[in-house]
Amino acid sequence: MITEFQEKVYRAISMIPEGRVTTYGAIASYIGTGGVRAVGRAVGKNPYAPEVPCHRVVYSDARVGNYSAQGGVREKIRLLESEKVKIEDGVVLDFEKIFFDYGSTDMVAE
DNA sequence: TGCATGACCAGAC
DNA sequence: CGTCTGGCCATGC
């Protein structure tokens, strides 16, 4: 059962380009509804599995956060690194540079 | 219908 | 600067 809320989260994450990351807070702010907890919960349930680049979603502190999919956080970091995202000790480097802000796009995906 | 919890976040101490 | 607390809202039991 996919709720409308989860669908919004799914689309928000899908529009994240390669080599970029965003935060749960940014997603929550973008879709306008729910708090970061709701977003985290929705993604955490991982209804879309690898269909969605959920590994590009990190903490606002630049920390990679958690990962429910196969491999866990360890795999999440590996995926990000394979997309040119530098990670050190569970923290995203150049976080401010590669941060994907939903308010700074042309909104073409929408 | 109500309580507890979660891939979080920000403020207080 | 590390740790704790409260709050956010959707979900599950």
Side-chain angles (χ1 to χ4, degrees):
Chain A
M1 173 60 182
I2 302 302
T3 66
E4 195 175 328
F5 176 77
Q6 292 179 352
E7 201 174 301
K8 289 178 182 175
V9 177
Y10 157 73
R11 282 194 289 172
I13 297 177
S14 294
M15 55 192 291
I16 303 175
E18 282 187 20
R20 292 285 169 82
V21 295
T22 192
T23 69
Y24 297 91
I27 295 173
S29 182
Y30 170 66
I31 63 183
T33 182
V36 293
R37 319 270 339 229
V39 175
R41 232 188 92 79
V43 183
K45 285 172 51 183
N46 207 8
Y48 305 104
E51 325 264 319
V52 171
C54 36
H55 58 273
R56 295 184 188 144
V57 187
V58 299
Y59 282 13
S60 61
D61 299 79
R63 287 180 293 180
V64 293
N66 229 305
Y67 200 59
S68 273
Q70 188 177 38
V73 185
R74 180 61 212 175
E75 183 63 20
K76 178 174 182 175
I77 293 175
R78 192 174 305 174
L79 286 169
L80 288 170
E81 289 183 327
S82 65
E83 297 197 356
K84 315 303 181 196
V85 178
K86 309 266 176 70
I87 297 185
E88 185 178 295
D89 194 43
V91 178
V92 180
L93 303 182
D94 297 317
F95 172 68
E96 297 181 32
K97 294 181 182 178
I98 66 178
F99 175 71
F100 179 71
D101 189 349
Y102 291 96
S104 302
T105 63
D106 295 322
M107 297 286 182
V108 235
E110 180 65 63

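Each chain gets a letter, A, B and so on, in the order the sequences are listed, and its residues count up from 1. These values consider heavy atoms only, across backbone and side chains, with no hydrogens, waters or symmetry-generated copies.
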Restricting to side chain to side chain contact (heavy atoms under 4.5 Å, CB included), what partner residues turn up for A26(A), sequence neighbours left out?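 With sequence neighbours excluded, A26(A) shows a side chain to side chain contact (heavy atoms under 4.5 Å, CB included) to T22(A), T23(A), F99(A), Y102(A), given in chain and number order.
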
To the nearest 0.5 angstrom, please state how far the [atom1] atom of [X] sits from the [atom2] atom of [Y].
X: K84(A); Y: E18(A); atom1: NZ; atom2: CD; answer: 9.5 Å
X: E88(A); Y: I77(A); atom1: CD; atom2: CD1; answer: 11.0 Å
X: I27(A); Y: F100(A); atom1: CD1; atom2: CZ; answer: 10.0 Å

Applying a 4.0 Å non-hydrogen cut-off, can you work out what G65(A) is touching in the nucleic acid: base, sugar-phosphate, or nothing?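 No contact.
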
So what does G40(A) hit on the nucleic acid, given a heavy-atom distance under 4.0 Å: a base, only sugar-phosphate, or nothing?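 Base: the residue G40(A), judged by heavy atoms under 4.0 Å, touches a nucleobase.
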
F5(A) to A42(A) - nearest heavy-atom pair and separation: CE2-CB, 3.7 Å

Kindly give the heavy-atom pair with the smallest separation between P53(A) and S14(A), and that separation in Å. CD-CA, 4.3 Å

Measure from the side chain of V43(A), starting at C-beta and using heavy atoms only, and say which of dC9(B), dA7(B), dG6(B) lies closest.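 For V43(A), the side-chain atoms sit closest to dA7(B).
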
Has the side chain of Y67(A) got a donor or acceptor that lies under 3.5 Å from a partner of the other kind on the base of dA7(B)?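 Checked by distance alone, the answer is no.
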
For [X] and [N], give me the distance from atom [atom1] to atom [atom2], rounded to whole Å.
X: R63(A); N: dA7(B); atom1: CZ; atom2: P; value: 14 Å
X: Y59(A); N: dA7(B); atom1: OH; atom2: P; value: 8 Å
X: R41(A); N: dT5(B); atom1: CZ; atom2: P; value: 12 Å
X: D61(A); N: dC8(B); atom1: CG; atom2: C1'; value: 9 Å
X: Q6(A); N: dA7(B); atom1: CD; atom2: C1'; value: 13 Å

Side-chain N or O of S68(A) versus OP1/OP2 of dA7(B): is the shortest distance under 4.0 Å?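 So the side-chain polar atoms of S68(A) never come under 4.0 Å of the phosphate oxygens OP1 or OP2 of dA7(B).
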
Is any side-chain nitrogen or oxygen of S60(A) closer than 4.0 Å to OP1 or OP2 of dA10(B)?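 Indeed, a polar side-chain atom of S60(A) lies that close.
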
Starting at the 5' end of DNA chain B, which residue's closest nucleotide do you reach first, A26(A) or V39(A)?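 Nearest-nucleotide comparison on DNA chain B picks V39(A).
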
First and last nucleotide of DNA chain C in contact with chain A, 5' to 3', at under 4.0 Å to a heavy atom: what are they?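 Endpoints of the contacted stretch of DNA chain C: dG7(C) to dG12(C).
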
Does E81(A) come within less than 4.0 Å of R78(A), counting only side-chain N to carboxylate O?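 Result for this pair is no, no salt bridge flagged.
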
Earlier contact from the 5' end, DNA chain C, for R37(A) and E4(A):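 Going by which nucleotide is closer to the 5' end, it is R37(A).
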
